[in-house]
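Lettering of chains follows the sequences in order, A, B, ..., and the numbering in each one begins at 1. None of these values were measured; they are calculated from a predicted model.
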Number of protein chains: 2
Amino acid sequence: MLTMTLSPDLEAKEAAFGPDAIDADGGCALNKRLRAAAPRLLQAREHLFFEGDHKDCIYQVERGAVCLYKTLPDGRRQIVDFAYPGDFIGLGSPEEHVFSAQAITLTRLRCLSASLLDEVARHDPQVCMMLYRALSDQLFAARDLLLTVGQRSATERLAAFLMALSRRNERNFVDPMRIVLPMTRADIADFLSLTIETVSRSFTKLRQSGIIDLMQSSFVIVRNRQTLEQLAAGEAREFK
Amino acid sequence: MLTMTLSPDLEAKEAAFGPDAIDADGGCALNKRLRAAAPRLLQAREHLFFEGDHKDCIYQVERGAVCLYKTLPDGRRQIVDFAYPGDFIGLGSPEEHVFSAQAITLTRLRCLSASLLDEVARHDPQVCMMLYRALSDQLFAARDLLLTVGQRSATERLAAFLMALSRRNERNFVDPMRIVLPMTRADIADFLSLTIETVSRSFTKLRQSGIIDLMQSSFVIVRNRQTLEQLAAGEAREFK
DNA sequence: CGAGTCGTTGATTCTTTTCAAAGCCCGTGG
DNA sequence: CCACGGGCTTTGAAAAGAATCAACGACTCG
């Protein structure tokens, strides 16, 4: 499906300094450990863990994508984040996981013992700082999503979502005008706090406005990035 | 208005071990530093900083309350968190603040040089871990709010908000059945992603159902905590 | 006491949801 | 190779919840 690669950050680092130079910079005792850590393969739709499960591992995504979500007792679901290659899953939270994690596509992860990681972080400020930064990124993302879900219209939300994926591509040296969506409409809906119907209608609206093209339902071509960006930012007068 | 006290955590610690014992446990080199740090007083509605401002300080609230918010270019505002006594403001984010911070009531804070804090954290794993935990709490809160804003109805959102304040009281050994709201309806609206009118109508609904009483608009008495809790959890059949 | 801010309530409008049905894509099996 | 079946997506019509627009009331501060 999606041609996922290893974390581009790590790859770039290795390319620049060679595999040995990595230990020279922050948090890379951890990277070494990660590469040695037990790998795990998850099929699409397979759960990594559920909310409330005992937290024995922290994970880092190597390939694929995982959605992190919370649910209400009656089944309403809010996806709070998508984890892509390089991202950590399960940082911060205490003894138990405070959200569920489910693979969206075939996914490969590295598993790190939570207690061991805690031990390492407690003694190695570099590792601690690295985790701190990762957590800080997740906080930023969560608050950003909060702004999106709380204040933007349906079409703006979808635009913001697509722009985020486009920018992600850019950072990873992938064509930002071609976006592959590994997740279903239901996943997008639960991420943006909409229904699948509204997500679908918003896609149609963007397509009819000439802002995007839909090749298949999971493959988007960005035709007018500037307008998409303005829509996402909430700067565009809404149009039919 | 609100009879705010110093961080109950710190107070409890001091009460249990005396002021000198504090250094024995995690992150308290920081606590010492904090008590020595420059205090700052903010009037209600006064801004601490704006999104995009250079981040030279991290703050800890001593008294009062601060709202942290993000805005869209056209003025739509999303409050992403309220900071109460003991809470840190400005953790994580990079060189620039990524949200604005405005005092809700008369507020007293301690200011810590961001670079100094960074320096300390880099060498002291205990401090680093303490900040890590604080950040982790904020991430949890943000995702929780995301679930609230994304999936709950207007009345459920308000119920969740009131329950959170009630539980906060409980943790601080304050009567959980009496809730003082230091913020305006507009603040609550921007926090819960509703309009002031809808917030007001939801208060009325809760009052008419006998779940709460409104003494003044900023003083709530919880009459039926169980129902409030069920509503907040999304377990209650919606009622008029 | 008057001005102004903040909060409540009512009527109407609008966006999104809900309910319903049809279309499309893909894998399976004849 | 093509027909069949099931899941996912799209589209349409009706309904619901919250927003908007408008006015009034309450409390606060000069």
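- Put simply, CD on A/Q151 is 15 Å from P on D/dA18, counting in whole angstrom units.
- Residues that satisfy the side chain to side chain contact (heavy atoms under 4.5 Å, CB included) test with B/R201, not counting sequence neighbours, are B/E197.
- Every residue was checked against the salt bridge (Lys or Arg N to Asp or Glu O under 4.0 Å) condition with A/E96, not counting sequence neighbours, and none meets it.
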Could you go through nucleotides 24-29 of chain D and list every protein N or O atom that sits under 3.5 Å from one of its N or O atoms, giving the distance for each pair?
none

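- The NZ atom of B/K205 sits 8 Å away from the P atom of D/dG17 (whole-angstrom rounding).
- Look at CG on B/D190: it is 14 Å from C1' on D/dA19, rounded to the nearest Å.
- For C/dT16, neither phosphate oxygen OP1 nor OP2 lies less than 4.0 angstrom from any side-chain nitrogen or oxygen of A/T198.
- Partners of B/E46 under the salt bridge (Lys or Arg N to Asp or Glu O under 4.0 Å) rule, at least two apart in sequence or in another chain, do not exist in this structure.
- When rounded to the nearest whole Å, the span between CG of B/L206 and P of C/dT8 equals 12 Å.
- Contact annotation for A/S193: backbone-only contact, meaning every heavy-atom pair under 4.0 Å involves sugar-phosphate atoms and none involves a base.
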Tabulated below should be each protein N or O lying under 3.5 Å from an N or O of nucleotides 8-10 of chain D; please produce it.
unit_1, atom_1, unit_2, atom_2, d
D/dT9, OP1, A/R185, N, 3.4
D/dT9, OP2, A/R185, N, 3.0
D/dT10, OP1, A/R185, NH2, 3.2
D/dT10, OP2, A/R185, NE, 2.8
D/dT10, OP2, A/S200, OG, 2.9
D/dT10, O5', A/S200, OG, 3.0

Let me check I have this right: for DNA chain D, each base becomes ., (, ), [, ] or |, based on Watson-Crick or G-U pairs with both distances under 3.5 Å. What is the full string?
||||||||||||||||||||||||||||||

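- Side-chain contact check for B/N169 and B/S166: no donor-acceptor pair (N or O, by modelled atom type) lies under 3.5 Å.
- Under the side chain to side chain contact (heavy atoms under 4.5 Å, CB included) criterion, A/R223 pairs with A/D213, A/I221, not counting sequence neighbours.
- In this entry the distance linking CG of B/L192 with C1' of D/dA19 reads 15 Å, nearest Å.
- By the side chain to side chain contact (heavy atoms under 4.5 Å, CB included) test, A/I196 is found to be paired with A/R185, A/A186, A/A189, residues two or more places apart in sequence or in another chain being considered.
- Listed by first and then second residue, the ring-ring contact (aromatic ring centres under 6.0 Å, His included) pairs involving residues 188-213 of chain A are A/F82-A/F191, A/F161-A/F191 (not counting sequence neighbours).
- Proximity of a side-chain donor or acceptor of A/D187 to a complementary backbone N or O of A/T184 within less than 3.5 Å is detected.
- When the salt bridge (Lys or Arg N to Asp or Glu O under 4.0 Å) test is applied to A/D81, the partners found at least two apart in sequence or on another chain are B/R143.
- Whole-Å rounding puts the A/E156 CD to C/dT15 P distance at 12 Å.
- Spacing between atom CZ of A/R152 and atom P of D/dA19 amounts to 17 Å, rounded to whole angstrom units.
- The salt bridge (Lys or Arg N to Asp or Glu O under 4.0 Å) check on A/R207 picks up nothing, with sequence neighbours excluded.
- Listed by chain and residue number, A/H54 satisfy the side chain to side chain contact (heavy atoms under 4.5 Å, CB included) test with A/D56 (two or more places apart in sequence, or in another chain).
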